[in-house]
Amino acid sequence: PSTALSPPPAMRPAVRPTLLLVGAGPAPPLGRRARVQLNSSREQNHALYLGSVFDEDRVYFNGEQIGRSGPIQPGRRGQTIDGYGRPRIYPIPDQLVQDGENLIAIRITGQFPNTIGVLDGPVRVQPLRAAEWQLWRHQLRGLVLSAIYAVIGIFFLILNQKLPAMREYRWFGFFAIACGLQQFLVNEIRFAVADVFTLFKLAEQLCYVVIPTLYFWFHLHFFNVERVPSNASGTGRSYSLKRIGTAYTIINLLTGAALI
């Protein structure tokens with residue numbers, strides 16, 4: 001039902017068997033070829049399944065381009081790469097498939113050091129529906145984890161409505177929802193909702209800033225510590241954890257916004 005690509009010895013990776021293409025960028029473009037045996041009369045609707053590609057690729061099948069991803073688009077700070085790290089599924093037109101040996105050529109350009117190529121396989125030719133299902137199945141675990149986080153977070157927010165004095169429930173609810181959102185934002189299924197890579201990436205980075213802040217406030221209310229002494233004996237000046245937490249939140253959010 002599917003045919004994995006068998007690269008010649010020069011293409012075989014030295015370290016990770018799942019890697020088909022690896023290079024160092026920013027770069028001259030990285031190009032590789034592989035041959036695959038197909039029977040044009042047996043299967044229709046072939047597709048080439050690539051793993052996560054960094055960054056921009058052009059794919060040719062028997063000399064004809066069948067797909068391209070990751071065009072460089074104008075962004076807030078010059079340029080952003082919409083296809084960075086996204087797996088590719090390229091349908092192969094039936095008229096290009098030959099009985100026997102077929103040639104696949106991949107050209108990849110990279111914008112970041114030491115991350116150029118196909119970094120997450122498997123790379124194979126298979127029926128289109130099987131390739132699409134493989135992508136969904138590969139991402140399903142993360143999607144389920146995202147849903148579990150969200151359900152837990154909503155549960156604790158509802159619980160906080162019933163028990164308003166338990167403020168740690170509220171903060172834990174927000175923390176769990178933020179963790180669920182982060183899991184969704186790194187899942188490839190997010191592009192079935194909207195194909196806005198840059199917006200998703202910015203939201204993901206914001207989650208990395210917000211999550212530790214929410215956990216700090218949950219920790220503060222869970223242990224119900226109002227002040228901490230300045231020395232081990234507990235005498236002398238003490239500090240308000242709420243003020244420290246407020247300052248930490250402001251600094252964290254401003255730093256994150258500046259970096260994003």
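Computed from a prediction, not measured in an experiment: that's the story for all the values here.
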Please enumerate all residues that pass side chain to side chain donor-acceptor pair (under 3.5 Å) together with Tyr90, with sequence neighbours excluded.
Asp57, Ser69

Of all residues at least two apart in sequence or in a different chain, which pass the side-chain contact (heavy atoms from CB on, under 4.5 Å) check with Val151?
none

Looking at residues at least two apart in the chain, or sitting in another chain, which of them share a side-chain contact (heavy atoms from CB on, under 4.5 Å) with Pro212?
Tyr248, Asn252

Give the minimum heavy-atom separation between Ile106 and Leu50, together with the two atoms involved.
CD1-CD2, 3.9 Å

Mind checking the CD-CD1 spacing from Glu64 to Ile92? Nearest 0.5 Å is all I need.
13.0 Å

Answer yes or no: is there a donor N or O on one side and an acceptor on the other, between the side chain of Asn102 and the main chain of Arg35, under 3.5 Å?
no

In terms of heavy-atom contacts, Arg88 and Glu56 come closest through NH2-CA, 4.4 Å

Partner set under side-chain contact (heavy atoms from CB on, under 4.5 Å) for Ala105, not counting sequence neighbours
Arg33, Tyr60

Going by side chain to side chain donor-acceptor pair (under 3.5 Å), name the residues that satisfy it together with Gln95, two or more places apart in sequence or in a different chain.
none

Would Leu48 and Phe61 count as a side chain to side chain contact (heavy atoms under 4.5 Å, CB included) if you check the C-alpha gap in whole Å, the side-chain angles of each, and the deciding distance to 0.1 Å?
CA-CA 9 Å; Leu48 174 65; Phe61 189 89; over 6 Å; no

Parallel, tilted or perpendicular, judged at 30° and 60°: which one describes the rings of Trp171 and Trp217?
parallel

My understanding is that only residues two or more places apart in sequence, or in another chain, count here; which of them pass side-chain contact (heavy atoms from CB on, under 4.5 Å) with Ile158?
Ile154

Test of understanding: with ring pair (Phe, Tyr, Trp, His ring centres under 6.0 Å), list the residues that count as partners of Phe155, not counting sequence neighbours.
none

Side-chain donor-acceptor pairs under 3.5 Å in residues 174-194, sequence neighbours left out?
residue, atom, partner, partner atom, Å
Gln182, NE2, Tyr208, OH, 3.1
Asn187, OD1, Ile189, N, 2.9
Asn187, ND2, Gln139, O, 2.7
Arg190, NE, Leu185, O, 3.1
Arg190, NH1, Leu185, O, 3.4
Arg190, NH1, Asn187, O, 2.8

According to the side chain to side chain donor-acceptor pair (under 3.5 Å) rule, which pairs have a member within residues 149-162, sequence neighbours left out?
none

Please, which pairs that meet salt bridge (charged side-chain N to carboxylate O under 4.0 Å, His left out) have at least one residue in residues 170-183, sequence neighbours excluded?
none

Please identify each residue that fulfils salt bridge (Lys or Arg N to Asp or Glu O under 4.0 Å) with Glu204, with sequence neighbours left out.
Lys201

